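Since this is a predicted model, take the numbers as computed values, not measurements. Order of the sequence lines sets the chain letters (A, B, ...), proteins ahead of strands, with each chain counted from 1. Keep in mind that the numbers below use all heavy atoms, side chains included, and drop hydrogens, waters and symmetry copies.
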Amino acid sequence: MMNQYRTHYSKDVKKKDYNQSIKVAGWVEDIRNIGSIAFIILRDKKGTLQITILKKQNPDLFKKLVSIPRESVISVRGLCKENTQVRNGYEILPDQVEVLSYAATPLPLGVVDKVEAELDTRLDNRFIDLRKQDKQAIFKIRNIILAAAHEYLRSQGFIEVHTPKIIASSSEGGTNVFRIQYFEKEAFLAQSPQLYKQTLMATGLDRVYEITWYFRAEEHNTRRHLNESTAIDIEMAFIKNEEEIMKILERLVYNMCKKAEEKCRKELDILNKQILIPKIPIPRITYDEVIQKLQEKNSGIQWGEDLGTEDERLLGEIMRENNEHFYFITRYPLETKPFYTMPCKNKYSRSFDLAYNGIEIASGGQRIHDVRLLEERIRRCGLDPKDFDTYLKTFRYGMPPHGGFGFGIERFLMQLLDINNIRECILFPRDRTRLKP
RNA sequence: GCCCCGGUAGUGUAGCGGUCUAUCAUGCGAGCCUGUCGAGCUCGCGACCCGGAUUCAAAUUCCGGCCGGGGCGCCA
């Protein structure tokens, strides 16, 4: 007995339950009233089932059932009968129906209607949109991917941490931050846990990870940006160079893909997608090689410039021709990277991006642990070391070599499942204009 | 921040100066139908984002506003 409303989920009814009285509960997805017989499709967490009722056997109950508005929540007790004509192989012949919640009509959005609504309408009514199994599948896969990340990172000695999202100063420069009122002070929402992760490298925890929010006040309006997104952020100490970080990242990605492939068969089927599991090692291409490849394809990009969207797409295409979907871009020019990035041979840096079919999904690298070099880099980037007092202090009393990365969860999901709008990959997206629900 | 595009029933659309009393589908309501599973059939309900302007006449043209989508930049 699961609870007073339900003894079985739709997909848990087995042969041994046939000819038994069972209880099911869920949402009324559809009612097909043929006249003297009616079929009610009930949807629960695991799928759908059919309730069949004959008018002449129970006229009152018949009338009650067929007049329930779609998407109402009901609990039904009845005899479970085998029937090969029905998709599940069984149907329920009800003797008791309890309406737990009546749905108003018309629905703001149909769950099984023949017309698909636009994303904007769907997001406005996300609680109904998410009743659709294909929309739900994305979040079930997301769950498995994150479970895989936790499992893998913990197996590698990382501990999970949580750092503040309300912060005193804009951490890195670069992207715009949201300003908020913190009692009598001005504060900001963290655009990344970068500086805190580094601070933790001074503590001896050595390996930390955080599944975290990024808040970014950029007024972008694209299919691949959110103003509130999530990431897997890691930082590790006592590294020799950035290669060690990439080794963790590629294995993390491998494990996430593998677990999704193993455990999300049903969801992948619903979405009609297949997962490409990366071959390890994931190829590393240097920034210089990238520029060369792009120039061969007549891109106007010059050495020293960051890759534009078009360049990223083109590179993705070039790589795909060689059957490579994942690839690292390494050794970016120091100029293009934030102040904390470890330089390499003057003009290069020990940084990398991980791209997946032409879109950046992670970026990271080795950080500077020498405080004097760090101060110099802050100045070179046109910032004032005084503004980084709290941060710089952590480097003055013993800071090991370290590095890490930030990995965008929605970006990854979007590429993994070939979804063309990032808003599909987060339950309640925040974008340039959307603040609710 | 720059640049495009769009707002028509609950949902998705057609119409792009008069023929709009606005199309079709879906939905909703009523009815018929004993095996539906995109059920079917009959009847009905329901909409031109807002404000100005042009015109004999505006859903349609112009201006402003509001709301949305997308591209670039930036980035995950």
What is the nucleic acid contact for D30(A), judged by heavy atoms within less than 4.0 Å: base, sugar-phosphate only, or nothing?
-> sugar-phosphate

Identify whether any heavy atom of E118(A) sits under 4.0 Å from a base atom; if not, whether one sits that close to sugar-phosphate; answer base, sugar-phosphate or nothing.
-> sugar-phosphate

Counting just side-chain N and O atoms, does N421(A) come under 4.0 Å of either OP1 or OP2 of G70(B)?
-> yes

Between S363(A) and A76(B), is there a side-chain N or O to OP1/OP2 distance below 4.0 Å?
-> yes

Is any side-chain nitrogen or oxygen of T52(A) closer than 4.0 Å to OP1 or OP2 of G35(B)?
-> no

Closest-nucleotide 5' rank along RNA chain B - winner of E360(A) and D431(A) = D431(A)

At under 4.0 Å, does any side-chain N or O of R70(A) touch on OP1 or OP2 of U11(B)?
-> no

Ignoring hydrogens and angles, does a donor from either the side chain of R434(A) or the base of C67(B) sit under 3.5 Å from an acceptor on the other?
-> no

Has the side chain of R224(A) got a donor or acceptor atom sitting under 3.5 Å from an opposite partner on the base of A76(B)?
-> no

Would you indicate what E310(A) reaches in the nucleic acid, counting non-hydrogen atoms under 4.0 angstrom: base, sugar-phosphate, or nothing?
-> nothing

Around atom OH of Y102(A), are there more than 12 heavy atoms of other residues, nucleotides or ligands at under 6.0 Å?
-> no

Presence of donor-acceptor pair under 3.5 Å, side chain of K56(A) and base of U34(B) = yes

Give a yes or no answer on whether the side chain of Q415(A) reaches the backbone of F412(A) with a donor-acceptor pair at less than 3.5 Å.
-> no

Identify whether any heavy atom of N83(A) sits under 4.0 Å from a base atom; if not, whether one sits that close to sugar-phosphate; answer base, sugar-phosphate or nothing.
-> base

How about R313(A): does its CZ atom have over 12 heavy atoms from other parts shown lying under 6.0 Å from it?
-> yes

So, is R223(A) near the phosphate of G71(B), with a side-chain N or O under 4.0 Å from OP1 or OP2?
-> yes

With heavy atoms under 4.0 Å as the rule, sort L119(A) into base, sugar-phosphate or nothing.
-> nothing

Please determine if a side-chain N or O atom of R32(A) lies less than 4.0 Å away from the OP1 or OP2 oxygen of C33(B).
-> no

Presence of T309(A) side-chain N/O under 4.0 Å of C72(B) phosphate oxygens OP1/OP2 = yes

Using only side-chain N and O atoms of T121(A), determine if any of them is under 4.0 Å from OP1 or OP2 of G12(B).
-> yes

Quick one: label E29(A) by what it contacts on the DNA or RNA (base, sugar-phosphate, nothing), any heavy atom closer than 4.0 Å.
-> nothing

Basic-acidic side-chain contact under 4.0 Å: E410(A), R224(A) | no

Paired with R284(A), the salt bridge (Lys or Arg N to Asp or Glu O under 4.0 Å) test is passed by just one of E324(A), E289(A), E250(A), namely E250(A)

Return yes if the base of C74(B) and the side-chain atoms of H225(A) contain a donor-acceptor N/O pair under 3.5 Å, otherwise no.
-> yes

Does R432(A) place a side-chain N or O at less than 4.0 Å from the phosphate oxygens OP1/OP2 of G1(B)?
-> no

Around atom NZ of K64(A), are there more than 12 heavy atoms of other residues, nucleotides or ligands at under 6.0 Å?
-> yes

Base, sugar-phosphate, or nothing for I359(A), non-hydrogen atoms under 4.0 angstrom?
-> nothing

Map A117(A) and G35(A) onto RNA chain B by nearest heavy atom, then report which one ends up closer to the 5' terminus.
-> A117(A)

